[in-house]
Amino acid sequence: MSSHTPPNSQQGHYRYDPTALDQQGPARLFPHIGEDGIVRYVLTQLGQAAFDQGKLSHPLSLLGDQLKRTVHKADEVWNLVKTRLVNLEIFQSGWFNFDLPPDEQFGIGFVRDRRDMIEALLSSREAAFKEAQLPQARARFYEVLEHHQRSRPVVVSIHERDGGLSDREFARQRLAGQNPMVLRRIQSADQSLLQSWATVECLLDNGDRVDLEQAAAANHLFIADYPLLRSLTIADLQPGRYVGSPIALFHRTQNELEPLLIQLENGHIVTPHNALGDAWMQAKLFVQVADVTHHELITHLCDTHLAMEAFAIATPRQLPASHPLYRLLRPHFQFLLAINNRGNTVLLGEGAAIDNLMAPTRQASLGLINRAYRERSFWDYALPKNIQQRGIESEFLPEFPYRDDALLLWNAIHHYATQFLQQYYATDESVQQDLYLQAWAAELSSSLCDRPLSDFPQAPSWLPTDAIAQAGLDLSELPDYPRVPGFPRGISTLQDLIAITTQLIFTCGPQHAAVNFSQFDYVGYAPSAPLAAYCHPDCCTSVEQLLPSLKQDLGQIELSFALSGIRWGRLGSSDLIDFKDIGDRQVLEQFRAELVAIEQEITDRNQKRIASTGVAYPYLLPSRIPNSTNI
């Protein structure tokens with residue numbers, strides 16, 4: 001493509017948020033569209049700054065605080081009204097879209113599904129809070145959900161079957177729970193860790209003693225650890241709540257994992273055989289708290305939703321709608337900006353889910369997200385590389401439901417991207433000469449200080465300079481880092497373009513499905529995976545003390561259900577991927593045929609899994625994977 005005329009109108013609608021660049025987190029959309037939106041934002045920020053800096057008298061401060069709460073409540077009520085009145089199309093139209101670029105807001109079909117989910121949620125909440133005791137309240141919540149044709153969490157029946165969080169289930173969840181992205185094989189770099197455990201007696205369930213050095217040399221040892229959480233200080237935690245950075249060591253016995261030990265705070269080590277009372281169950285739950293914290297903030301929010309946002313912004317900014325890469329990628333970004341913008345309120349906002357339910361403070365949680373994003377290179381998101389880095393290939397772990405099903409989908413998407421892109425790029429030179437494609441790569445990979453100011457919102461010239469600066473819109477000094485760590489400065493080969501495309505489609509579809517739709521099944525029951533611990537390991541006397549109260553417990557059910565209660569669209573749907581060219585449609589049909597075959601293969605695998613463990617892994621069935629990250 002010899003000429004290059006970027007889509008200026010699109011660039012005007014899609015601007016990057018400059019207000020938190022010093023935090024080096026994921027690139028975000030500036031959700032105040034147009035000059036009128038910028039003016040509203042600046043005025044709001046000036047008022048907030050006056051409030052925060054104590055420039056207002058006490059009565060005015062109280063009035064401002066009340067007004068802020070009232071506006072927030074009004075926004076929630078307005079969203080509920082729009083949802084309830086979904087059949088009046090004007091409420092879902094551009095007339096009421098002030099925060100997103102045109103056509104990025106949720107569509108009517110999605111809002112109808114959200115209405116049904118909200119009705120089920122509100123009915124269940126109302127019924128549950130009529131109960132005075134936690135077990136009855138929780139049971140009532142699930143019962144009403146079932147009246148709305150919704151299933152209770154899978155882990156509830158597992159707990160009933162096993163009499164609690166069994167060692168077998170604790171280990172199985174590393175492979176097939178909501179966060180299968182942590183477990184890794186012990187390798188040479190972990191030698192010092194092994195030596196620190198040299199005096200610990202590790203026994204298998206059958207009584208056999210495990211020599212850790214020998215087991216590691218035989219590639220039989222695996223750990224789940226959470227190094228990002230080590231940076232949390234007492235000031236980073238909500239009062240009365242706790243999350244640590246435990247390490248759980250597992251031994252592979254035939255086709256299953258068995259926990260050997262858990263290292264808690266200050267190096268305290270607990271094993272199934274040396275624990276007194278319920279100390280071993282407490283230790284497992286402290287691992288679960290760390291795991292679900294890592295899952296919600298990093299695996300789910302950071303590594304899927306937020307990591308993909310830069311691509312959802314750059315694609316319409318740099319690629320015309322007729323461009324082949326735009327047509328291939330755009331359906332997989334549908335509603336991503338809308339759900340991320342919604343997440344700013346329900347997850348990341350002051351007084352939202354993170355503040356109310358999790359152990360790290362809102363500010364500490366944002367810091368963990370930003371650090372995790374900046375430390376991970378773009379190519380590290382690729383499934384085959386992730387498997388290799390963690391040392392979890394099938395030769396070391398024969399049974400790993402997430403890995404095995406995900407690889408089927410990765411390979412199918414890679415084939416789909418290859419077949420599609422080969423139609424438009426015959427040689428590497430044709431990739432290199434596509435100026436739109438190279439501009440797209442440059443926007444994602446160049447240091448921000450080398451980018452034009454037009455990437456960001458431009459405040460009207462008549463606004464005072466100090467007001468613009470106070471609102472965080474001063475662009476005089478941009479930082480020296482790229483939007484996407486490790487993204488190539490230029491795309492030089494067709495294979496690189498195929499790899500990039502495969503990774504994006506996989507992340508927006510199967511990867512998000514695996515870590516999102518498993519949430520209610522494994523996090524919707526606090527006795528299995530509480531979002532926070534309510535005592536410190538040094539002073540925790542019982543499991544009951546560690547677990548949340550009735551209000552927090554039901555809040556966790558509500559959150560996990562709301563985060564996974566809508567399944568809109570289907571991977572490879574020809575209704576969502578509306579290709580016009582006959583060659584494109586043929587490629588899509590081949591992809592859809594591969595997905596049908598994968599559906600059958602995973603169904604067959606699940607029959608064997610049920611026979612072996614009593615639990616299926618349904619989250620990567622193609623029929624249950626949305627085409628985009630939209631919830």
How about CG on D205, more than 12 heavy atoms from neighbouring residues, nucleotides or ligands closer than 6.0 Å, or not?
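No, the 6.0 Å shell around CG holds no more than 12 heavy atoms from other groups.
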Mark yes when over 12 heavy atoms from residues, nucleotides or ligands other than Q136 sit less than 6.0 Å from its CD; otherwise mark no.
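Yes - once you tally the heavy atoms of other residues, nucleotides and ligands closer than 6.0 Å, there are more than 12.
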Regarding [X] and [Y], does a basic nitrogen lie under 4.0 Å from an acidic carboxylate oxygen?
X	Y	answer
E256	R252	no
R172	D167	no
D404	R605	no

Is the backbone of [Y] close enough, under 3.5 Å, to the side chain of [X] for a donor and an acceptor to pair up by distance?
X	Y	value
H148	D116	no
T629	L336	no
R174	P180	no
N356	G351	yes
K284	F170	no

Considering non-hydrogen atoms only, spot the tightest contact between A562 and L121 and give its length.
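Closest heavy-atom pair between A562 and L121: CB-CD2, 4.3 Å.
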Heavy-atom closest pair, residues R241 and I354:
NH1-O, 4.1 Å
Step by step, work out the salt bridge (charged side-chain N to carboxylate O under 4.0 Å, His left out) result for D236 and R362.
CA-CA 9 Å; D236 294 323; R362 173 180 175 273; over 6 Å; no
Are the ring centres of F106 and F335 closer than 6.0 Å?
yes
Applying the side-chain contact (heavy atoms from CB on, under 4.5 Å) test to I247, which of D190, L264, D225 qualifies?
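Among D190, L264, D225, the one meeting side-chain contact (heavy atoms from CB on, under 4.5 Å) with I247 is D225.
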Any side-chain donor near an acceptor of the partner, H512 and T507, under 3.5 Å:
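T507 and H512 do not have a side-chain donor-acceptor pair below 3.5 Å.
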Taking atom types as modelled, find out whether Q23 and N370 have a side-chain donor-acceptor pair closer than 3.5 angstrom.
yes
Let me confirm one number: the [atom1]-[atom2] distance from [X] to [Y], rounded to the nearest 0.5 Å.
X	Y	atom1	atom2	result
L100	N341	CG	CG	5.0 Å
D521	R152	CG	CZ	12.5 Å
L563	E558	CG	CD	11.5 Å
I186	L193	CD1	CG	5.5 Å

With sequence neighbours left out, what residues match A533 under side chain to side chain contact (heavy atoms under 4.5 Å, CB included)?
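A533: side chain to side chain contact (heavy atoms under 4.5 Å, CB included) contacts with Y242, F286, V289, L546.
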Cation-pi between R376 and Y381: NZ/CZ under 6.0 Å from ring centre and within 45° of the ring axis?
yes
